[in-house]
Enquirer: 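Next up is a structure, given as structure tokens.
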Amino acid sequence: MIAMYLAYKLFIASDNQHGFNRGVLLVIYLVSFSSYPLYNFFNNLAIKTPIERTNDNTGIIDLTIEPLVPPLWGTILIWIFLIGAFIVTIKTIITWIRIVRVINSGEKIRKDNFTLIVINDYTIAPFSWLHYIILNRNDFNNNDNAIITHELKHVRAYHWIDLLIAQIVCILNWFNPVAWLMREELMLVHEYQADMAVIDNGHDQQEYQKLLIKKAVGSRFPSLANSINHSKLKKRITMMYKSKSGAGSKLKALALVPMVALALGVVTVPSIKAAVSAISDSELSLDKGSENSAVTGKFRIASLNNSGIETIVVVTGENLGNNLSVSGGTFTNNGQNYSAKSLNTTMTNGAATITAVFPVSESYENASIVFKINGQDIKLNLDEFRKNSQTSSISISPSNGIVISNGNATLSTVGNMEIYLDGKKISEKEMKALDPETISSMSIDKQKNTIYITSK
């Protein structure tokens, strides 16, 4: 939101194309709240690419996994966020109540597209809210069509919906100054549109400007209602003298695209992603009870695939319980460190599958991978894995079950091995029914005579 708002102010805000600018501001809201979830969604789809090479049980690391204890600072931040959102929500409700009281205190006059409310409080400047237009009795008796035209534009353009969206964003992003600036910008665009509606309706421009100055002293309801005496009076008068912006000026909205890319680049930095993950794992309770005891777990490299562009590594874990936090994937090769482009963890019945994609295309020498698992650095040696690996292919045959081949010999696993699919034990019959296209990776534990299968 910050990145796109800065681009909007720099390239678009001063143009006389108010309907378009209103749309751009609403798009900023939409993209701000959807881009990162969409990025994660498509990123997770991408890392589910089938792994071409599957290897046997090597590179096992035994360790003790302590219960995942959310960081205290994450819990504190969540409480601060909720308290701030609660305060803004209460202030919003109080303002709504004030508006409703003003409406209920006035005389209601039904019109075709709106309801005119005539009040006796002369300190309140004319404003509109939902389908209501509120005037004091002096303005009503003077039959000032300019005011009616102005406020009717707000009603017909459904500006109240924009303000409702902006207020919700302010509640959710109360800590973000740009959320409040965006709301003010949206209200200003609304006033530009209403001002132009008055001018286009034949009202004298200078007389209308005098009316705005005259009404500038009245009180208004910021954030929730469109008031004729919006504070940016100088900008509104200046905008009336601007000529209509050409169609080509709309192309400046393309400046928002690189700003979105820049923002996504920042929030996907591993350290920032780790902080976001820590907060999302936090709980509202400050009680760090130890209902989950420590468990012993094992991690192993299940598969390794170098496409010549990047390296995909699948690591499996077992006997882990259901509380696991994985972050900080680092690939070290010849002294060069590479941070994971993507990192995905799935947990099923105490078994974990960690899929990491690294921007490594060259051959591996003295290579290793380090993950931070529940706060512990877990190091897995790739060279040892490759040296001990003897499996070149694994396939499923309806008659022979799972067949392991290294080019010189073939081993059928029917009837003599336990089989687990996504952490759940399955029968030989269920295994034979598996479609090979649904398998993402496999690993073989020869000591336990067990096969682990991960589905896509």
Side-chain angles (χ1 to χ4, degrees), residues 1-39 41 85 88-89 92 95-96 113-114 127-132 150-197 220-228 230-232 235-236 239 242 244-264 267:
M1 189 185 300
I2 293 172
M4 288 186 288
Y5 173 75
L6 291 176
Y8 172 86
K9 289 295 290 183
L10 184 61
F11 299 107
I12 304 172
S14 61
D15 291 341
N16 188 349
Q17 47 184 10
H18 311 311
F20 178 78
N21 288 6
R22 177 192 180 190
V24 170
L25 290 170
L26 295 176
V27 166
I28 290 176
Y29 283 136
L30 176 63
V31 174
S32 297
F33 282 89
S34 65
S35 56
Y36 189 60
L38 286 175
Y39 169 84
F41 174 76
V88 177
T89 301
T92 301
T95 304
W96 275 337
N113 300 317
F114 66 96
F127 70 94
S128 59
W129 187 65
L130 302 180
H131 65 281
Y132 298 104
H150 178 102
E151 300 303 336
L152 190 56
K153 175 63 178 180
H154 289 310
V155 173
R156 288 175 173 172
Y158 298 99
H159 286 162
W160 66 270
I161 296 178
D162 298 5
L163 296 186
L164 179 61
I165 293 172
Q167 193 65 19
I168 292 173
V169 172
C170 286
I171 291 173
L172 297 176
N173 259 218
W174 61 265
F175 52 87
N176 183 357
V178 166
W180 304 92
L181 293 173
M182 282 277 293
R183 188 187 69 180
E184 286 298 310
E185 196 68 35
L186 198 54
M187 292 179 69
L188 181 58
V189 170
H190 291 170
E191 296 308 317
Y192 287 157
Q193 289 186 295
D195 292 339
M196 293 310 301
R220 60 192 180 96
F221 294 96
S223 80
L224 298 181
N226 290 109
S227 179
I228 195 171
H230 186 272
S231 59
K232 300 295 190 297
K235 287 186 176 181
R236 290 168 61 185
M239 185 61 72
K242 278 194 173 184
K244 188 75 173 178
S245 299
S249 62
K250 293 182 173 63
L251 296 176
K252 289 189 279 187
L254 295 176
L256 272 63
V257 177
M259 301 305 285
V260 174
L262 175 63
L264 281 175
V267 298

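The figures that follow rest on heavy atoms only: side chains count, while hydrogens, waters and symmetry mates do not.
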Enquirer: About how many Å separate CG of Leu26 and CD1 of Ile165, when rounded to the nearest 0.5 Å?
Expert: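 Going from CD1 on Ile165 over to CG on Leu26, the span is 5.5 Å.
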Enquirer: Does Ile2 reach the side chain of Asn176, with side-chain heavy atoms less than 4.5 Å apart?
Expert: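 Sidechains of Asn176 and Ile2: in contact.
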Enquirer: Please name the pair of heavy atoms, one in Met259 and one in Ala7, separated by the smallest distance, quoted to 0.1 Å.
Expert: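 Looking at all heavy atoms of both residues, the closest pair is CG-CB, 3.7 Å.
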Enquirer: For the CG atom of Leu188 and the CG atom of Leu181, what is their distance to the nearest 0.5 Å?
Expert: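 Between Leu188 CG and Leu181 CG, I get 12.0 Å after rounding to 0.5 Å.
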Enquirer: Are Tyr29 and Leu186 packed together at the side-chain level, in the sense that at least one heavy-atom pair is separated by less than 4.5 angstrom?
Expert: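 In contact.
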Enquirer: Start with the C-alpha gap between Val189 and Met187, add the side-chain angles, then the distance that decides, and say whether side chain to side chain contact (heavy atoms under 4.5 Å, CB included) holds.
Expert: CA-CA 5 Å; Val189 170; Met187 292 179 69; over 6 Å; no
Enquirer: Verify whether one side chain among Ser245 and Gln17 offers a donor that lies under 3.5 Å from an acceptor in the other.
Expert: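 Absent: no donor and acceptor within the cut-off.
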Enquirer: How close do Ala255 and Phe11 get, counting heavy atoms only, and between which atoms?
Expert: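 The answer is CB-CD1, 3.7 Å.
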Enquirer: Taking atom types as modelled, is there a side-chain donor on His154 or Gln193 under 3.5 Å from an acceptor on the other?
Expert: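 No, Gln193 and His154 have no side-chain donor paired with an acceptor closer than 3.5 Å.
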Enquirer: Is the backbone N or O of Val155 less than 3.5 Å from a side-chain atom of Trp160, with the two atoms forming a donor-acceptor pair by type?
Expert: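 It does not hold such a pair.
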Enquirer: If only atom types and distance count, is the side chain of Lys242 paired as donor or acceptor with the main-chain N or O of Ser14 below 3.5 Å?
Expert: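 Flag set: sc Lys242 to bb Ser14 pair under 3.5 Å.
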Enquirer: Considering non-hydrogen atoms only, spot the tightest contact between Lys153 and Ala194 and give its length.
Expert: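 Taking Lys153 first and Ala194 second, the nearest heavy atoms are CG-CA, 3.7 Å.
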Enquirer: What's the shortest heavy-atom distance between Trp129 and Trp96, and which atoms?
Expert: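 The pair with the smallest heavy-atom distance is CZ2-CD1, 3.6 Å.
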Enquirer: Above 12 or not: heavy atoms from other molecules or residues under 6.0 Å from CZ of Phe33?
Expert: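 Atom CZ in Phe33 is crowded, with more than 12 foreign heavy atoms closer than 6.0 Å.
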Enquirer: Out of curiosity, His131 NE2 to Leu152 CG, how far, rounded to the nearest 0.5 Å?
Expert: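 Interatomic distance, His131 NE2 to Leu152 CG, rounded to 0.5 Å: 13.0 Å.
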Enquirer: Contact between Val27 and Tyr8 at the side-chain level, heavy atoms closer than 4.5 Å - yes or no?
Expert: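 Result no, sub-4.5 Å side-chain heavy-atom pair not found.
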Enquirer: Please examine the side chains of Ile12 and Lys250, heavy atoms only from C-beta on, and report whether any two atoms are closer than 4.5 Å.
Expert: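 They are not in side-chain contact.
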Enquirer: Which distance, rounded to the nearest 0.5 Å, do you find between the CG of Leu163 and the CG of Leu130?
Expert: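 These two atoms lie 10.0 Å from each other.
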Enquirer: Please report the closest heavy-atom contact between Trp180 and Cys170, naming both atoms and the distance.
Expert: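 Closest pair (atom of Trp180, atom of Cys170, distance): CE3-SG, 3.7 Å.
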Enquirer: Should Leu25 and Asp162 count as side-chain neighbours, where that means a heavy-atom distance under 4.5 Å?
Expert: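 No; the side chains remain at least 4.5 Å from each other.
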Enquirer: What distance do Phe114 atom CZ and Glu151 atom CD have between them, rounded to the nearest 0.5 Å?
Expert: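 Between atom CZ of Phe114 and atom CD of Glu151 there are 10.5 Å.
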Enquirer: When you compare the side chain of Met1 with that of Asn173, does any pair of heavy atoms fall below 4.5 Å?
Expert: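 A side-chain contact under 4.5 Å exists here.
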Enquirer: I need the single residue from Lys9, Lys252, Arg22 that forms a salt bridge (Lys or Arg N to Asp or Glu O under 4.0 Å) with Asp15. Which is it?
Expert: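 For Asp15, the salt bridge (Lys or Arg N to Asp or Glu O under 4.0 Å) test succeeds with only one of Lys9, Lys252, Arg22, which is Lys252.
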Enquirer: Is the closest side-chain heavy-atom distance between Val24 and Met4 below 4.5 Å?
Expert: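 Counting from C-beta outward, Val24 and Met4 never come under 4.5 Å.
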Enquirer: What's the verdict on side chain to side chain contact (heavy atoms under 4.5 Å, CB included) for His150 and Glu191, showing C-alpha distance, side-chain angles and the deciding distance?
Expert: CA-CA 8 Å; His150 178 102; Glu191 296 308 317; 2.8 Å; yes
Enquirer: Is any side-chain heavy atom of Arg183 less than 4.5 Å from a side-chain heavy atom of Val169?
Expert: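 Heavy-atom side-chain distance check fails, nothing below 4.5 Å.
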Enquirer: For Ala13 and Met239, work out which heavy atoms get closest and say how close.
Expert: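 Of all heavy-atom pairs spanning Ala13 and Met239, the closest is O-CE, 4.4 Å.
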